[in-house]
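All ligand and atom numbering here is 1-based and tracks the order in the structure. All values reported here derive from a predicted model rather than from experimental measurement.
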Amino acid sequence: MFQSEATMELEAIWLLVALQCLKSTQAQLRTGILENTPYMLLDMLKQAADEPQDTRKLLKEYDFIIVGAGTAGCTLANRLTEVPEWKVLLIEAGGPENFLMDLPIVANYLQFTDANWKYKTEPSNKYCLGLHNNQCNFPRGKVIGGSSVLNYMIYTRGHPKDYDTWAAMGNEGWSYQDVLPYFLKSEDIGIPEYAEDTKFHSRGGYLSITYPPYRTPLAEAFVKAGLELGDKYVDYNAESMIGFSYIQSTLNNGTRWSSSRAFLHPIRNRSNFHIKKYSTVTKIIIDPKTKTARGVQFVKNNRQYVVRAKREVIISASSINSPQLLMLSGIGPKKHLEKVGINVIKDLKVGYNLMDHVALGGFTFLVNASVSLLTERILTGNAIGEYLGYHLGPLSIPGGCEAIAFLDVGDNDGYPELELLFQGGSVISDYTIRENFGITQEIWDAVYKPIQNRDSWMVLPMLMRPKSTGRVMLRDNNPFHKPLIYPNYFEHQEDLDVLVAGAKKVVELSKTKAFQKYGSKVHDIPLPPCEKFGFGTDKYFECMMRHFSFTIYHISGTCKMGPKGDPTAVVDPRLRVHGIKGLRVIDVSIFPKIMVGHTNGPVFMVAEKGADMIKQDWGIET
Ligand SMILES: Cc1cc2nc3c(=O)[nH]c(=O)nc-3n(C[C@H](O)[C@H](O)[C@H](O)COP(=O)(O)OP(=O)(O)OC[C@H]3O[C@@H](n4cnc5c(N)ncnc54)[C@H](O)[C@@H]3O)c2cc1C
Ligand SMILES: *[C@@H]1O[C@H](CO)[C@@H](O)[C@H](O)[C@H]1NC(C)=O
Ligand SMILES: *[C@@H]1O[C@H](CO)[C@@H](O)[C@H](O)[C@H]1NC(C)=O
Ligand SMILES: *[C@@H]1O[C@H](CO)[C@@H](O)[C@H](O)[C@H]1NC(C)=O
């Protein structure tokens with residue numbers, strides 16, 4: 001009851017924001033300040049219209065069927081249709097991307113729309129305790145572009161050791177040296193000083209990477225604070241990650257550069273490419289005798305369709321839906337499938353190995369100057385006009401994320417355990433943020449209500465190399481029922497220790513000259529359930545972690561890649577499902593171990609490499 005009321009309220013707010021945008025622009029127009037705005041608006045709408053149109057005449061058979069038009073699916077659709085004689089169908093459960101989704105600052109609003117699957121974890125007594133019903137929200141994109149449309153546009157690749165570890169786990173061809181060319185293949189670097197570093201960056205790919213055109217003085221303070229404490233400024237996508245940096249983002253001229261904008265728009269005219277939107281794949285059709293994938297079954301407008309695949313079916317439905325679809329189709333843990341009444345075709349560890357980057361949420365610092373990203377202050381006619389006219393100003397900041405630090409808080413081996421994600425605002429800066437995570441009213445009133453509308457900043461200390469892993473399971477055999485999700489955060493004490501070290505580092509940063517220029521002060525009203533430990537003690541931070549366990553949305557690993565003979569592997573190092581012919585999984589769920597940083601960049605890489613492997617396996621030169 002409460003949940004759905006809150007959601008309706010938020011959808012109303014989202015609409016109001018959109019209207020407010022348009023109204024202010026109109027007001028500006030009336031005063032004649034921004035004569036060119038209508039053209040700019042039209043231009044943005046036209047961009048949305050550049051999305052490939054839904055295919056009217058579905059063929060009975062395609063060479064390849066790709067399930068899910070997200071980060072991986074869009075990339076694959078582009079690369080596979082480069083082969084003119086291959087007919088490719090891309091099937092997506094969600095609808096088209098719209099121009100409001102391009103506006104970087106409103107990223108957190110998109111979670112309240114139908115572009116989100118709106119998953120929740122099962123209630124826990126160990127984590128997410130300060131969130132509605134002890135459940136963590138797990139948003140996932142349900143729209144052309146997938147989660148790259150909901151995401152915060154942070155572009156990172158991971159540490160070389162991440163991929164060398166993948167290779168050491170038996171995944172031939174996945175070492176850092178092997179994967180770096182695929183990062184470079186996609187990239188179009190728009191940061192002038194990095195464009196010269198051709199070892200680690202490249203120009204001319206589909207994926208535009210830039211700095212956001214605007215930053216708050218607080219972001220500068222964060223980077224300066226790091227230098228003051230003796231850390232370095234680094235390009236975290238180059239030689240060494242350790243240090244402080246402004247965020248490199250998937251932005252093109254101040255607008256979101258989703259996987260669809262990057263990879264699908266340019267191929268809208270390819271005659272060998274078909275796409276179906278609002279179409280949910282409910283089953284992979286597998287011949288139980290030959291164990292070969294023959295096609296898929298999907299539902300659109302309550303009608304069921306079957307379409308055949310001549311060569312391969314590729315699952316790119318991401319870390320929750322890919323394992324769900326495999327299990328619904330009879331590929332998964334035998335006992336579990338039998339329990340929910342599904343015929344087992346292949347017994348594999350589908351749904352295990354769920355990994356995420358969890359962060360300490362809500363850690364807020366107050367300042368005494370008007371320098372933060374308060375929504376009320378930045379959603380003015382001026383800022384909207386500046387954005388619509390020139391793609392500049394505070395609305396071009398990706399959901400408030402501005403700077404990042406990767407830190408080695410363990411054994412000084414140059415391999416970070418911790419990320420600090422800096423935001424030029426906090427949970428109090430915008431009404432919706434508390435609902436993104438679902439902070440309970442009780443805690444909100446006690447801790448944050450007293451400081452509402454103040455200027456503030458926040459750092460999310462994030463666990464980079466979690467020891468704890470979780471699992472996705474079917475609720476039942478109905479493809480339209482949401483699966484059960486158990487992230488199992490903090491099964492290992494070491495995971496908490498890293499975050500406690502992170503929280504202390506943030507306190508240290510707040511005391512530097514750079515942050516004291518703005519009178520930064522930790523907001524020290526304790527969370528009522530943690531008050532007994534004394535604000536700021538190790539035990540306090542551990543308690544805060546268990547209450548405000550914020551996902552950073554990097555859910556991965558649930559269809560693990562591993563060689564033949566690895567009993568935990570679902571796909572082999574060429575991303576083929578073990579024991580099934582004509583079926584691959586290519587998306588974030590194949591990560592055998594989660595990398596350091598944010599997952600979107602690595603998923604583009606996985607898809608680029610996957611596309612090349614498919615071409616090689618069918619005798620096409622790459
Ligand atoms: C709110 C949020 C913020 C994030 N912020 C960042 C960030 O700043 N930086 C970063 O690097 N990463 C970020 N991420 C993570 C990153 O975006 C994802 O890891 C990445 O997009 C995953 O790519 P994918 O191809 O695996 O899946 P997705 O991009 O999620 O695509 C899967 C697609 O499959 C579709 N689908 C699923 N099931 C079916 C079905 N049965 N039938 C048809 N279609 C189906 C879905 O609707 C979706 O469009 C964020 C994610 C979220 C949700
Ligand atoms: C697609 O075709 C239309 C009409 O011929 C053309 O205007 C448009 O530029 C083409 N788009 C791309 C991306 O090639
Ligand atoms: C960026 O977008 C603005 C607003 O639409 C436009 O005026 C400008 O020319 C664009 N710049 C580039 C380099 O494309
Ligand atoms: C903010 O606090 C700092 C440090 O206490 C002080 O130097 C500065 O003058 C204050 N600024 C304002 C606007 O009060």
Under 3.5 Å, N or O to N or O, is A93 touching ligand 1 that way?
yes

Going by the angle between their ring planes, with limits at 30° and 60°, are Y236 and F406 parallel, tilted or perpendicular? perpendicular

Within 4.0 Å of some non-hydrogen atom of I91, the atoms of ligand 1 are 43 (C), 44 (N)

Side chains of Q111 and N116, donor plus acceptor under 3.5 Å
no

Nearest non-hydrogen contact to atom 11 (O) of ligand 1 from the set I284, N600, V143 belongs to N600

Note: S148, heavy atoms under 4.0 Å from ligand 1, region reported as backbone

_Apply side chain to side chain donor-acceptor pair (under 3.5 Å) to residues N108 and T432 and explain how you reach the verdict._
CA-CA 7 Å; N108 61 309; T432 56; 2.5 Å; yes

the protein heavy atom lying closest to atom 35 (C) of ligand 1 turns out to be E92 OE1, 3.3 Å

Proximity flag F298 to ligand 1, non-hydrogen atoms under 4.0 Å: no

- Query: Less than 4.5 Å apart, any side-chain heavy atom of F200 and any of Y194?
  - Reply: no

Any heavy atom of T282 under 4.0 Å from ligand 1? The part involved is neither

Between G94 and ligand 1, is there a nitrogen or oxygen pair with a distance under 3.5 Å? no

Heavy-atom proximity to atom 27 (O) of ligand 1, picking from S249, A107, C74, S318, points to S318

Using 30° and 60° as the class limits, which term best fits the ring planes of F550 and F548: parallel, tilted or perpendicular?
tilted

heavy-atom search around atom 25 (O) of ligand 1 in the protein gives A72 N, 2.9 Å

Requested in this report: Side-chain contact test, heavy atoms from C-beta onward, threshold under 4.5 Å: evaluate it for P398 versus P212 and give yes or no.
Outcome: yes

Examine the side chains of E187 and H201 and answer whether a donor and an acceptor come within less than 3.5 Å of each other.
yes

Check your understanding: Parallel, tilted or perpendicular for Y246 and Y211, by the 30°/60° rule?
Key -> perpendicular

_Under a plain distance cut-off of 3.5 Å, with no hydrogens placed, do D54 and Y278 share a side-chain donor-acceptor pair?_
no

The option among I66, I552, I154, N116 carrying the non-hydrogen atom nearest to atom 8 (O) of ligand 1 is I154

Would atom 14 (O) of ligand 2 count as contacted, meaning some protein heavy atom under 4.0 Å?
yes

shortest atom 5 (O) of ligand 2-to-protein heavy-atom contact is with N269 ND2, 4.7 Å

protein heavy-atom neighbour closest to atom 53 (C) of ligand 1 works out as P139 O, 3.3 Å

**Message:** A side-chain contact here means heavy atoms from C-beta on lying under 4.5 Å apart; do E402 and L373 qualify?
**Reply:** yes

| R140 to ligand 1: N or O pair under 3.5 Å? | no

Closest to atom 2 (O) of ligand 3 by heavy-atom distance, out of T255, N253, N252, is N253

Does D612 come within less than 4.0 Å of R574, counting only side-chain N to carboxylate O?
no

Checking heavy-atom distances from atom 32 (C) of ligand 1 to each of S258, G68, S316, G146, the winner is S316

query: Would H554 and D356 count as having a side-chain donor-acceptor pair, cut-off 3.5 Å?
result: no

Nearest non-hydrogen protein atom to atom 50 (C) of ligand 1, with distance, is N151 CB, 3.3 Å

Per-atom filter on ligand 1: closer than 4.0 angstrom to a heavy atom of T280 are 41 (N), 42 (N)

the protein heavy atom lying closest to atom 46 (C) of ligand 1 turns out to be G141 O, 3.4 Å

Margin query: In this structure, does ligand 1 have an atom that sits under 4.0 Å from one of the heavy atoms of S279?
Written below: yes

Here the atoms of ligand 1 under 4.0 Å from any heavy atom belonging to T599 are 10 (C), 11 (O), 12 (N), 15 (C), 16 (C), 18 (C), 19 (O)

Worksheet item: Between V281 and ligand 1, is there a nitrogen or oxygen pair with a distance under 3.5 Å?
Response: yes

Worksheet item: Any Lys/Arg nitrogen of D102 or R256 sitting under 4.0 Å from an Asp/Glu carboxylate oxygen of the other?
Response: no

Note: Q111, heavy atoms under 4.0 Å from ligand 1, region reported as side chain

ask   = Can you find a protein heavy atom closer to atom 11 (N) of ligand 2 than 4.0 Å?
value = yes

Tested for side-chain hydrogen bond (donor to acceptor under 3.5 Å, both in side chains) against H598, the lone hit among R157, E419, H357 is E419

